[in-house]
Peer 1: 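Below are the structure tokens for one structure; questions will follow.
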Amino acid sequence: MTELAGTTELLLSRIRDVPDYPEPGVMFKDITPLLADPEAFAALTEALADLAVRYGATKIVGLEARGFILGAPVALRAGLGFIPVRKAGKLPGATLSQSYDLEYGSAEIEVHAEDLAADDRVMVIDDVLATGGTAEASVRLIRRAGAQVAGVAVLMELGFLDGRAKLETTLEGAPLEALLIV
């Protein structure tokens with residue numbers, strides 16, 4: 001078995017399906033068992049850090065909230081700075097914000113403007129790529145801050161929601177990597 005296949009198998013084995021959560025008909029992918037397993041969490045961190053290094057990232061952006069859990073150790077492992085992208089109103093001081101559409105309404109994310117510079121190559125880290133709205137907003141926000149997008153890397157892509165198609169135009173050729181596609 002190759003190392004990548006072994007990592008994939010390990011990660012998949014630690015993700016729990018929770019039927020009918022948060023509403024009937026939804027199969028929720030719970031990553032908390034993966035985070036609780038030090039071997040699986042280390043393998044995930046290593047795989048995402050390798051992607052950040054491969055694509056020349058100089059900083060990691062983690063998307064609230066599970067992107068913080070994954071992004072911070074990835075940044076540490078890759079020797080890079082970590083920048084939290086938060087929901088509107090959660091960061092003190094001067095921020096840049098970006099709104100995006102949800103299924104029912106809209107939301108807004110923010111970053112400290114001074115945390116990103118023109119010479120930064122930023123890798124966005126999150127747990128799941130679903131419809132692509134939050135990832136797309138983060139890419140736009142990074143560019144508005146004057147930085148470059150090194151790519152987007154996620155633990156899991158929900159392929160049936162087609163978020164990749166929505167995101168690819170906004171990426172303008174930057175890579176989108178999902179360790180698992182379900």
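One-based numbering along the sequence shown.
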Peer 1: Please write out which residues are connected to Tyr21 in a hydrophobic cluster, directly or through intermediates, given that two of Ile, Leu, Val, Met, Phe, Trp, Tyr count as joined at side-chain heavy-atom separations below 4.5 angstrom.
Peer 2: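 Listed partners: Val18, Phe28.
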Peer 1: By the definition salt bridge (charged side-chain N to carboxylate O under 4.0 Å, His left out), identify the one residue from Asp119, Asp120, Asp115 that meets it with Lys59.
Peer 2: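 For Lys59, the salt bridge (charged side-chain N to carboxylate O under 4.0 Å, His left out) test succeeds with only one of Asp119, Asp120, Asp115, which is Asp120.
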Peer 1: So which heavy atom on Glu110 is nearest to which on Leu91, and how close?
Peer 2: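 Taking Glu110 first and Leu91 second, the nearest heavy atoms are O-CD1, 3.6 Å.
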Peer 1: Consider only side-chain heavy atoms of I, L, V, M, F, W and Y, link residues closer than 4.5 Å, and tell whether Val128 and Leu10 are in one cluster.
Peer 2: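 No, it is not one cluster - the side chains of Val128 and Leu10 are not joined through contacts under 4.5 Å.
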Peer 1: Can you pull the side chain to side chain donor-acceptor pair (under 3.5 Å) pairs that have at least one residue in residues 64-87, sequence neighbours excluded?
Peer 2: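 Residue pairs passing side chain to side chain donor-acceptor pair (under 3.5 Å), neighbours aside: Glu46-Arg77, Glu64-Arg86, Arg66-Asp127.
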Peer 1: Below 4.5 Å, heavy atoms only, C-beta onward: do Val111 and Thr95 meet side chain to side chain?
Peer 2: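 In short, these two side chains do not touch, never coming nearer than 4.5 Å.
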Peer 1: Less than 4.5 Å apart, side chain to side chain, heavy atoms only: is that true for Ile15 and Pro33?
Peer 2: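 No, every pair of side-chain atoms sits at 4.5 Å or beyond.
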Peer 1: Can you list the residues that meet the side chain to side chain donor-acceptor pair (under 3.5 Å) rule with Asp20, with sequence neighbours excluded?
Peer 2: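 Partners of Asp20 by the side chain to side chain donor-acceptor pair (under 3.5 Å) criterion come out as none, since no residue qualifies.
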Peer 1: Going hydrophobic residue to hydrophobic residue with side-chain gaps under 4.5 angstrom, can you get from Ile69 over to Leu51?
Peer 2: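 Shared cluster, yes.
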Peer 1: Output the distance between atom CG (Leu34) and atom OG (Ser13), rounded to the nearest 0.5 Å.
Peer 2: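 One finds 8.0 Å between CG of Leu34 and OG of Ser13.
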Peer 1: List the residues meeting salt bridge (Lys or Arg N to Asp or Glu O under 4.0 Å) with Asp17, not counting sequence neighbours, and say none if there are none.
Peer 2: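 Listed in chain order: Lys29.
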Peer 1: Which atom pair, heavy atoms only, marks the closest approach of Ala40 to Leu11?
Peer 2: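 Taking every non-hydrogen atom into account, O-CD2, 3.7 Å.
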Peer 1: Does Thr8 have any side chain to side chain contact (heavy atoms under 4.5 Å, CB included) partners at least two apart in sequence or in another chain, and if so, which?
Peer 2: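 If we apply the side chain to side chain contact (heavy atoms under 4.5 Å, CB included) test to Thr8, skipping adjacent residues, the hits are Leu4, Leu12, Leu180.
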Peer 1: Of all residues at least two apart in sequence or in a different chain, which pass the side chain to side chain contact (heavy atoms under 4.5 Å, CB included) check with Ala107?
Peer 2: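 In terms of side chain to side chain contact (heavy atoms under 4.5 Å, CB included), with neighbours along the sequence ignored, Ala107 is linked to Tyr100, Leu102.
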Peer 1: With side chain to side chain donor-acceptor pair (under 3.5 Å) as the rule and sequence neighbours excluded, what pairs involving residues 31-44 come up?
Peer 2: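 Residue pairs passing side chain to side chain donor-acceptor pair (under 3.5 Å), neighbours aside: Arg14-Asp37, Asp30-Thr32.
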Peer 1: Taking all heavy atoms of Ala52 and all of Met123, pick out the closest pair and write down the distance.
Peer 2: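 Where Ala52 meets Met123 most closely, the heavy atoms are CA-CE, 3.9 Å.
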Peer 1: Applying side chain to side chain contact (heavy atoms under 4.5 Å, CB included), name anything that partners Ala113, two or more places apart in sequence or on another chain.
Peer 2: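 Applying side chain to side chain contact (heavy atoms under 4.5 Å, CB included) to Ala113 gives Leu96.
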Peer 1: Can you check whether Leu70 reaches Asp126 side chain to side chain, under 4.5 Å on heavy atoms?
Peer 2: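 Counting from C-beta outward, Leu70 and Asp126 never come under 4.5 Å.
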Peer 1: Starting from Leu76 and following side-chain heavy-atom contacts under 4.5 Å between hydrophobic residues (I, L, V, M, F, W, Y), which residues can be reached?
Peer 2: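 Other cluster members: none.
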Peer 1: Going hydrophobic residue to hydrophobic residue with side-chain gaps under 4.5 angstrom, can you get from Val124 over to Ile83?
Peer 2: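 Yes: a chain of side-chain contacts under 4.5 Å links Val124 to Ile83.
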Peer 1: Please name all residues satisfying side chain to side chain contact (heavy atoms under 4.5 Å, CB included) with Ala75, sequence neighbours left out, ordered by chain then number.
Peer 2: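 Result, side chain to side chain contact (heavy atoms under 4.5 Å, CB included) vs Ala75: Ile60, Phe82.
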Peer 1: Report, one line per pair, each donor and acceptor closer than 3.5 Å where one atom sits in a side chain of residues 140-156; sequence neighbours left out.
Peer 2:
{"unit_1": "Arg140", "atom_1": "NH2", "unit_2": "Glu136", "atom_2": "OE2", "d": "3.1"}
{"unit_1": "Arg140", "atom_1": "NH2", "unit_2": "Thr170", "atom_2": "OG1", "d": "3.4"}
{"unit_1": "Arg143", "atom_1": "NH1", "unit_2": "Thr170", "atom_2": "O", "d": "2.5"}
{"unit_1": "Arg143", "atom_1": "NH2", "unit_2": "Leu171", "atom_2": "O", "d": "3.0"}
{"unit_1": "Arg144", "atom_1": "NH1", "unit_2": "Ser97", "atom_2": "O", "d": "2.3"}
{"unit_1": "Arg144", "atom_1": "NH1", "unit_2": "Gln98", "atom_2": "OE1", "d": "3.2"}
{"unit_1": "Gln148", "atom_1": "NE2", "unit_2": "Ala118", "atom_2": "O", "d": "3.2"}

Peer 1: Determine yes or no for a side-chain-to-main-chain donor-acceptor pair under 3.5 angstrom, with His112 supplying the side chain and Pro92 the backbone.
Peer 2: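 At least one qualifying donor-acceptor pair exists.
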Peer 1: Among the clusters formed by ILVMFWY side chains lying less than 4.5 Å apart, do Ile125 and Val139 turn up in the same one?
Peer 2: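 As far as the 4.5 Å side-chain criterion goes, Val139 and Ile125 are not connected within one cluster.
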Peer 1: Listing request: all ring-ring contact (aromatic ring centres under 6.0 Å, His included) pairs with a residue in residues 32-60, at least two apart in sequence or in separate chains.
Peer 2: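 For residues 32-60, and leaving out neighbouring residues, there are no ring-ring contact (aromatic ring centres under 6.0 Å, His included) pairs at all.
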Peer 1: Does one hydrophobic cluster hold both Leu35 and Leu63, with members joined at side-chain heavy-atom distances below 4.5 Å?
Peer 2: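 Each belongs to a different hydrophobic cluster.
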Peer 1: Hey, which of Leu167, Thr134, Leu161 is the one that makes side-chain contact (heavy atoms from CB on, under 4.5 Å) with Leu129?
Peer 2: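 When Leu167, Thr134, Leu161 are each tested with Leu129, the side-chain contact (heavy atoms from CB on, under 4.5 Å) holds only for Leu167.
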Peer 1: Report the distance from atom CG of Leu44 to atom CD1 of Ile31, rounding to the nearest 0.5 Å.
Peer 2: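 The distance works out to 7.5 Å.
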Peer 1: I'd like to know if the side chain of Thr58 reaches the main chain of Arg121, judged simply by a donor and an acceptor atom lying under 3.5 Å from each other, with no hydrogens or angles considered.
Peer 2: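 A pair under 3.5 Å: yes.
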Peer 1: Evaluate Glu157 against Val182 for side-chain contact (heavy atoms from CB on, under 4.5 Å), listing each step before the verdict.
Peer 2: CA-CA 6 Å; Glu157 177 181 347; Val182 297; over 6 Å; no
